[in-house]
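Worksheet for the structure shown next.
Just so we're on the same page: letters track the sequence lines, and every chain starts at 1.
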Amino acid sequence: MAGTRLTIRVPADFVLARDACSYGYFLLAPNHWEADTWTFSRLLELEGGPARVAIRQPEENGASARRVTLASRRRAARGRPLRVACDRTLNASERASVRGQIARMFRLDEDEGTLRAFHKLDPRWRRSGRGRLFRSPTLFEDVIKTVTSCNVQWPSTMHMNIRLCEVVGRGGAFPSAEKLARTRASTLRGRCRVGYRDKRIIELSRMFARGEIDEAWMTDTATPDDELFGFLQTLPGIGPYASANIMQLLGRHSRLPLDTESVRHGKSVLGFTGTDAQIMKRVHKHFEPFGEHAFRSYWFEVWEFYERKAGASETWRPKEVASAFTASNLK
DNA sequence: GGTAGACCTGGACGC
DNA sequence: GCGTCCAGGTCTACC
């Protein structure tokens, strides 16, 4: 790529492959993880138009080919700066935006102290170092992706995001709130296959575009979890599950976004029995002791189950994962 | 406050 | 190839 190149410093424990491939959204368009080269790429929306960024974390001594185990590759990459290659030249403002969006996706603001506290509470993840959870470069994209994940199986979520980028996004980028707000419901339904979510997505986009969503209030640590949870549920298409999921995407991990997948987890991994409602309650209770890190404990258990089925997440390829992650295969 | 049914799509299945 | 059934979270109407 001939264009701007950036170097981004990361926390000492950060591993791109582990921390990017930590939540399902890394598999959703326009995100792309190249499993062979450990390169994360996507289009980012910038003031001068979309730009493609390819992000790598070169390993110590550049000796990736000689390192045969996942653990040794992770160790060699740990804490090393990210190298970002953009497909065009960026101005200073755009460079700052790219840095900010990358920091949001990989949660570079989460320091080692926070994760050390999590590992003290739940030592199962100390060895692997898991703790960060991938998210989108913007809150808006996280919210829309959450809506596309509701009441649908994973392959359809993947398809909806591909179509949103292809049909509505500029040049294949994830569509902006302004663009989605101006899109017809019939386009979203007919061409993006979002079904009944069409009007809800447009209304959410209008709220973001009009500045009615106060992101600063949401990210302010002084804002109580209960108030935020209540507010999120007033948004169109956002119920209890989606609210809890958006909260974890905002960095609040005390609530669990429980769905049918959680019931599956409760039954098959935790050995719970009873009705679905009873199992949901037991799953909530089970993770209560992990307090403000409850979601991390819950999620990495679920993630470990997926990895036992499909191999280490760094090696996943979207098409293969789409067919592997159907409800029938996860039972 | 709790519950039933509608909302859509894509995949699985039977014929 | 066609029709039917089912999974999935939110919303609305109703009790």
Check the distance between [N]'s [atom2] and [X]'s [atom1] and give it to me in whole angstrom.
X: A:Leu232; N: C:dT10; atom1: CG; atom2: C1'; answer: 15 Å
X: A:Met160; N: C:dG8; atom1: CE; atom2: C1'; answer: 10 Å
X: A:Tyr196; N: C:dT10; atom1: OH; atom2: C1'; answer: 6 Å
X: A:Leu258; N: C:dT10; atom1: CG; atom2: P; answer: 11 Å
X: A:Arg197; N: B:dA6; atom1: CZ; atom2: C1'; answer: 13 Å
X: A:Ile201; N: B:dC8; atom1: CD1; atom2: P; answer: 13 Å
X: A:Trp154; N: C:dG8; atom1: CH2; atom2: C1'; answer: 14 Å
X: A:Asn161; N: B:dT9; atom1: CG; atom2: C1'; answer: 15 Å

Legend entry - Check: A:Tyr241 side chain, C:dG8 base, donor-acceptor under 3.5 Å: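 Answer is no: no donor-acceptor pair is held.
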Proximal nucleotide (of [options]) relative to the [X] side chain:
X: A:Arg193; options: B:dC8, B:dG10, C:dT10; answer: B:dG10
X: A:Cys150; options: C:dT10, B:dC8, C:dG8; answer: C:dT10
X: A:His159; options: C:dA7, C:dG9, B:dG10; answer: B:dG10
X: A:Ser156; options: B:dC7, B:dG10, C:dA7; answer: B:dG10

Parallel, tilted or perpendicular, judged at 30° and 60°: which one describes the rings of [X] and [Y]?
X: A:Phe140; Y: A:Phe208; result: perpendicular
X: A:Phe26; Y: A:Trp316; result: parallel
X: A:His286; Y: A:Phe272; result: perpendicular

Inset, instruction - Would you check if there is a donor-acceptor pair between the side chains of A:Gln248 and A:Tyr298 at a distance under 3.5 Å? - result: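 A:Tyr298 vs A:Gln248: no donor-acceptor pair found between side chains.
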Inset, instruction - State whether a side-chain donor-acceptor pair under 3.5 Å links A:Ser149 with A:Thr146. - result: no
Legend entry - Toward the 5' end of DNA chain C, by each residue's nearest nucleotide, A:Leu235 or A:Thr260: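 Result: A:Thr260.
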